[in-house]
Amino acid sequence: MASRPARVGGLAPGRAADRAGDVRARTPDGRWLLVQCKRYGETKRVPAEVLYQVNGTYRESHRCDLAAVVTTSSFTSSAVDWNSDLDQPLRLFGSRQLLAWAQQQGPAPWE
């Protein structure tokens, strides 16, 4: 996240008690962003249950305005479908979106 300006504050990455959040950051426009990171292989996709957890905690528990789930893999179709039904969808960043952002050829998770 350092290649695009944002104020970053760490949480407790990888711990069972992280309340579905690995990074809490202030976006350039002043909003708080919660990021949940999932390092998976190509064949393991992020299931909808991860999105349920993030959606259920980012506002109240982490006091954030928006949330992103970032993975080195992709998302199951049920996760994508469920997310598209939300009034305020989570930002989903699979390996392609993550690479595009890292190469400054795609939007940041908060855009």
Side-chain angles (χ1 to χ4, degrees):
M1 293 177 71
S3 66
R4 303 261 178 108
R7 289 178 37 200
V8 177
L11 296 173
R15 294 192 179 162
D18 69 3
R19 294 177 291 161
D22 292 314
V23 177
R24 186 172 183 254
R26 177 84 68 174
T27 65
D29 64 2
R31 295 174 295 164
W32 281 106
L33 167 71
L34 181 73
V35 181
Q36 175 68 11
C37 305
K38 293 296 179 187
R39 185 178 179 208
Y40 290 162
E42 290 179 25
T43 60
K44 183 176 181 182
R45 298 184 303 161
V46 178
E49 289 78 11
V50 170
L51 277 59
Y52 305 157
Q53 293 168 352
V54 173
N55 191 59
T57 62
Y58 83 90
R59 291 181 200 96
E60 294 298 319
S61 294
H62 296 287
R63 303 194 188 285
C64 288
D65 305 302
L66 62 154
V69 180
V70 177
T71 182
T72 52
S73 182
S74 60
F75 299 87
T76 63
S77 59
S78 62
V80 172
D81 291 346
W82 182 81
N83 191 60
S84 68
D85 288 339
L86 294 175
D87 290 337
Q88 187 175 348
L90 306 172
R91 273 88 169 153
L92 304 183
F93 265 61
S95 60
R96 291 182 181 154
Q97 294 86 358
L98 189 59
L99 180 61
W101 175 58
Q103 295 174 339
Q104 297 186 352
Q105 297 174 353
W110 56 85
E111 295 175 340

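This structure is a prediction, so every number in the text was calculated from the model and none was measured. FYI, the numbering just counts along the sequence from 1.
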For the hydrophobic clusters of this structure (ILVMFWY residues joined by side-chain heavy atoms under 4.5 Å, transitively), does one cluster hold both Tyr40 and Val54?
yes
Side-chain donor/acceptor of Thr27 to backbone N/O of Arg31, under 3.5 Å:
yes
From Leu66 CG over to Glu111 CD, what is the distance, rounded to the nearest 0.5 angstrom?
11.0 Å
Measure the spacing between CD of Gln53 and CG of Leu51 and express it to the nearest 0.5 Å.
9.5 Å
Donor-acceptor check, side chain of Gln36 to backbone of Gly21, threshold 3.5 angstrom: yes or no?
yes
Rounded to the nearest 0.5 Å, what separates atom NZ in Lys44 from atom OG1 in Thr72?
10.0 Å
Please report the C-alpha distance between Trp32 and Tyr58 in whole Å, then the side-chain angles of each, then the deciding distance to 0.1 Å, and finally whether the ring pair (Phe, Tyr, Trp, His ring centres under 6.0 Å) criterion is met.
CA-CA 10 Å; Trp32 281 106; Tyr58 83 90; over 10 Å; no
Spacing of CZ belonging to Arg26 relative to CG belonging to Leu33, to within rounding of 0.5 Å
11.5 Å
Got a second to check how far Asn83's CG is from Leu92's CG, nearest 0.5 Å?
4.0 Å
Applying a strict under-4.5 Å side-chain criterion to I, L, V, M, F, W and Y, I'd like to know whether Val69 and Tyr52 cluster together.
yes
So CZ of Arg45 and OG of Ser77: to nearest 0.5 Å the spacing works out to 6.0 Å
I'd like to know whether Thr71 forms a side chain to side chain donor-acceptor pair (under 3.5 Å) with Ser73, so could you lay out the CA-CA distance, the side-chain angles of the two residues, the decisive distance to 0.1 Å, and finally the verdict.
CA-CA 5 Å; Thr71 182; Ser73 182; 4.9 Å; no
Kindly give the heavy-atom pair with the smallest separation between Arg63 and Glu60, and that separation in Å.
CG-O, 3.8 Å
Tell me, do Phe75 and Pro47 make a side-chain contact under 4.5 Å, heavy atoms counted?
no
Test Arg59 against Cys64 for side chain to side chain contact (heavy atoms under 4.5 Å, CB included), laying out the working first.
CA-CA 5 Å; Arg59 291 181 200 96; Cys64 288; over 6 Å; no
Does a sphere of radius 6.0 Å around CD in Gln88 hold more than 12 heavy atoms from other residues, nucleotides or ligands, not counting ones at 6.0 Å or beyond?
yes
Give a yes or no on whether the backbone of Ala67 and the side-chain of Arg91 come within a donor-acceptor separation of less than 3.5 Å.
no
Could you pull out the closest heavy-atom pair between Trp110 and Pro28, with the gap in Å?
NE1-CD, 3.3 Å
Any non-hydrogen side-chain atom of Pro109 less than 4.5 Å from a side-chain atom of Trp101?
yes
Might you work through the side chain to side chain contact (heavy atoms under 4.5 Å, CB included) test for Val70 and Leu98, ending with a clear yes or no?
CA-CA 7 Å; Val70 177; Leu98 189 59; 3.5 Å; yes
Checking side chain to side chain contact (heavy atoms under 4.5 Å, CB included) for the pair Val46/Thr76: CA distance, chi angles, key distance, verdict?
CA-CA 6 Å; Val46 178; Thr76 63; over 6 Å; no
